[in-house]
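Please read these numbers as outputs of a predicted model, since none were measured by experiment. One-based numbering along the sequence shown.
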Amino acid sequence: MRKLYQVWMPIFLICLVATAANAQTFSVQCPATTPLHPKATTDPNPVGGSIKCQQISGGDGLATMADGSQTYLFSFGPLSGLNDIAAGLPGTQSQSVFMTPFDPNAGPGDPASNGAVGLVSDTDGVTIQVPDPNSVTGGTLTQSVCPPGTAIATDGSKRSCYTGHVDPRAIMDVGVMNGNIPAPMMAIDEDDEYFLTLTNVGMIMRPDLFEQHTVHFHGYPNASSFYDGVPDASVAINIGGSFTYYYLAPDAGTYFWHCHITPPEHLQMGMVGQLYVRPRQNRTALNSSLLANWTAQQTNPRTASNCAADILCSAPKPAVSTATRGNNKSLSPTLYAYNDGDGSTAYDVEYPLQIHGFDPNFHFVGMTFNPEGFADMKDKYFLLNGRSYPDTTNMAGYQDTTGNVGSGNSAFVGAPTSSTAMYTQDVDGVQRPSQPLNAVVNIPVGGRALLRISDLDVSEYQTLASLGIPMHVVGLNARLLRDTAGNNLAYDSNSITLAGGESLDVILDASDTIKYPAGQTYYLYTPNLDHLSNDAENFGGLMTEVHICNSVDPSSKVCK
């Protein structure tokens, strides 16, 4: 037996090395067309939906708490849309943008800046042609980087030369120690097809842990358990592996996602994020009837609400409506949280608020090779979008002792002056945007703000109260608050309470300019006084500010 081992082991190792040498790339799935979306388009939100893609890493990292301590995380990080993520925007991209290489020198919102990290032109399946970022314009590729004979797309545009092959070295360079809290934000539209690639880059701080990771969309109706992320019935991704999840966008609303491997541990350690689905009603033509748009959806079996038979109908027909889609304070035309048919969920600006809590002792032993005490888990940091007050209101990003904004991994995290992320120095000495999303709520005078509030805390109930501006609750767990007869069940409150695994859609209505003039500041905070703290500090916790502004920039959400 020993002789066989001595003979076959060297042969096995030689084959393994040869295989590794040839496996220069792997593929992410982001097709230009599918049977449901047969025509390639550069329109990010066409009438019939689109193909959207995103890539994330599963690994670890560090985050900075408001008392200055650095907390170890198991976490997800971005591998596409990095500039948008660092600017507090969703990292989800249309197919035409995703299939362009990432350009660290471009700014957030630039279609040419947010493609997949490590995306390479692959002309023969083996040889890698590294792309020139300067050849990328407007989310499409110039002919100069395409091999001879590249076909022209049916719509007249140049077909992308990028086939989805990615360079694993770039993936590892970006993914390790690049965990975010909350995890990269995702946003899609009803009728979209969504391709999400998860790459497990391993946990550098805990090389003894061979942790698998998955993506489970909590409360998200999924046709196939294969893509559900629960390892008992689907796929779990090993270190060094990648897997592409496929989702067909469900009903509009606020959802969230997390790793489903040892959920109490991985959720506590930070593997939580938010996903929201925008309604078809946003595609209603200007000055057109919202009710007529709702009625038209019922002619398609896939978009019909079937409220007569389904008591969980997500958007029942309103009892009365004469509303038309018009303009509002900062966006044109108006946006909606749900397919309400009557405009009752209209808003001007939206803000995702992910509530979470950390137990510093649990995170410490998770970093120091000690057994974790699940029964003793007790949160002492209370976070909105990964930050405690006053960091929830920090919109300037990290600044070092010389006053420079942190550059992150400079080869891949670009445009630091456009970043509102908080940066943390990792063990390799690199500043990375660990907490990309602040929690400031800026409302244009006379406008309405939609708060997409979700809670994935594993040990506490969480309460948020609004001082001054009532909370108008329009949705619960991605369901419009309306009965099957069409009666509106939305309600006003000065506080809301969520358990772990719940979401609420809340509108702060500041349309009364007499009550809420420009220049006023209000607060969202928890009335649970022990949650208004940063571990031993007697301040901080679940609190942020609401500002009434003359106007709000629709992309950066900054007061103007």
Side-chain angles (χ1 to χ4, degrees), residues 88-89 252-254 276 278-279 281-282 290 323-338 340 342-355 384-385 389-390 392-395 420 437-454 463-476 480-481 488-498 503-527 542-560:
L89 303 172
T254 299
Y276 55 88
R278 294 169 290 225
Q281 186 165 296
N282 283 349
L290 296 178
T324 58
R325 189 178 192 195
N327 297 320
N328 63 1
K329 302 301 177 186
S330 62
L331 300 171
S332 178
T334 308
L335 297 175
Y336 304 91
Y338 288 92
D340 52 54
D342 59 6
S344 59
T345 66
Y347 66 88
D348 296 87
V349 286
E350 67 182 342
Y351 296 92
L353 294 177
Q354 175 74 62
I355 302 176
L384 284 173
N385 292 340
Y389 188 80
T392 51
T393 63
N394 181 3
M395 300 185 68
T420 60
L437 196 61
N438 63 59
V440 177
V441 177
N442 292 323
I443 308 176
V445 62
R448 294 153 57 97
L450 171 65
L451 307 183
R452 298 184 178 273
I453 306 173
S454 55
T463 299
L464 275 181
S466 174
L467 276 180
I469 307 177
M471 293 175 143
H472 187 62
V473 183
V474 299
L476 169 65
L480 180 65
L481 287 178
N488 193 339
L489 303 181
Y491 62 93
D492 289 340
S493 177
N494 62 2
S495 69
I496 51 95
T497 298
L498 296 90
S503 70
L504 282 171
D505 297 292
V506 174
I507 291 177
L508 296 182
D509 189 350
S511 55
D512 188 332
T513 57
I514 303 300
K515 286 185 178 179
Y516 312 111
Q520 296 294 311
T521 296
Y522 302 88
Y523 289 90
L524 281 176
Y525 75 104
T526 178
L542 291 180
M543 186 162 73
T544 189
E545 297 176 3
V546 180
H547 304 145
I548 307 298
C549 314
N550 287 315
S551 63
V552 175
D553 184 276
S555 57
S556 67
K557 311 290 180 64
V558 173
C559 286
K560 295 191 295 184

Any idea which heavy atoms bring [X] and [Y] closest together, and the distance?
{"X": "L481", "Y": "N488", "answer": "O-OD1, 3.5 Å"}
{"X": "N385", "Y": "N438", "answer": "ND2-O, 2.9 Å"}
{"X": "G468", "Y": "Y516", "answer": "O-OH, 3.3 Å"}
{"X": "T334", "Y": "A346", "answer": "CG2-CB, 3.6 Å"}
{"X": "S511", "Y": "D509", "answer": "OG-OD1, 2.6 Å"}
{"X": "A439", "Y": "T544", "answer": "O-OG1, 2.8 Å"}

Within the structure provided, determine whether [X] and [Y] are in side-chain contact (heavy-atom separation under 4.5 Å).
{"X": "V440", "Y": "Y351", "value": "no"}
{"X": "L508", "Y": "Y522", "value": "no"}
{"X": "I469", "Y": "I548", "value": "yes"}
{"X": "V349", "Y": "P444", "value": "yes"}
{"X": "L542", "Y": "I355", "value": "yes"}
{"X": "R278", "Y": "L335", "value": "no"}

### Query
For T497 and T463, does a side-chain donor sit closer than 3.5 Å to a side-chain acceptor?
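Yes.
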### Note: R448-D348 ion pair, threshold 4.0 Å (strictly below)
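The answer is no: the pair does not qualify as a salt bridge.
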### Query
Quick one: does N282's side chain have a donor or acceptor within less than 3.5 Å of a partner on Y336's backbone?
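Side chain of N282 to backbone of Y336, a donor-acceptor pair under 3.5 Å: yes, one is there.
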### Donor-acceptor contact present, side-chain T513 to main-chain G446, <3.5 Å
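Absent.
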Nearest-0.5 Å distance that lies between atom [atom1] in [X] and atom [atom2] in [Y]:
{"X": "L498", "Y": "S503", "atom1": "CG", "atom2": "OG", "value": "7.5 Å"}
{"X": "I507", "Y": "T345", "atom1": "CD1", "atom2": "OG1", "value": "6.0 Å"}
{"X": "K557", "Y": "L89", "atom1": "NZ", "atom2": "CG", "value": "7.5 Å"}
{"X": "L450", "Y": "L353", "atom1": "CG", "atom2": "CG", "value": "9.5 Å"}
{"X": "R452", "Y": "D505", "atom1": "CZ", "atom2": "CG", "value": "5.5 Å"}
{"X": "Y523", "Y": "E545", "atom1": "OH", "atom2": "CD", "value": "4.5 Å"}

### Query
Given L464 and L384, is the side-chain contact (heavy atoms from CB on, under 4.5 Å) satisfied, shown in steps?
CA-CA 10 Å; L464 275 181; L384 284 173; 4.2 Å; yes
#### Entry: L524 and M471: CA distance, side-chain angles, deciding distance, side-chain contact (heavy atoms from CB on, under 4.5 Å) verdict
CA-CA 10 Å; L524 281 176; M471 293 175 143; 3.6 Å; yes
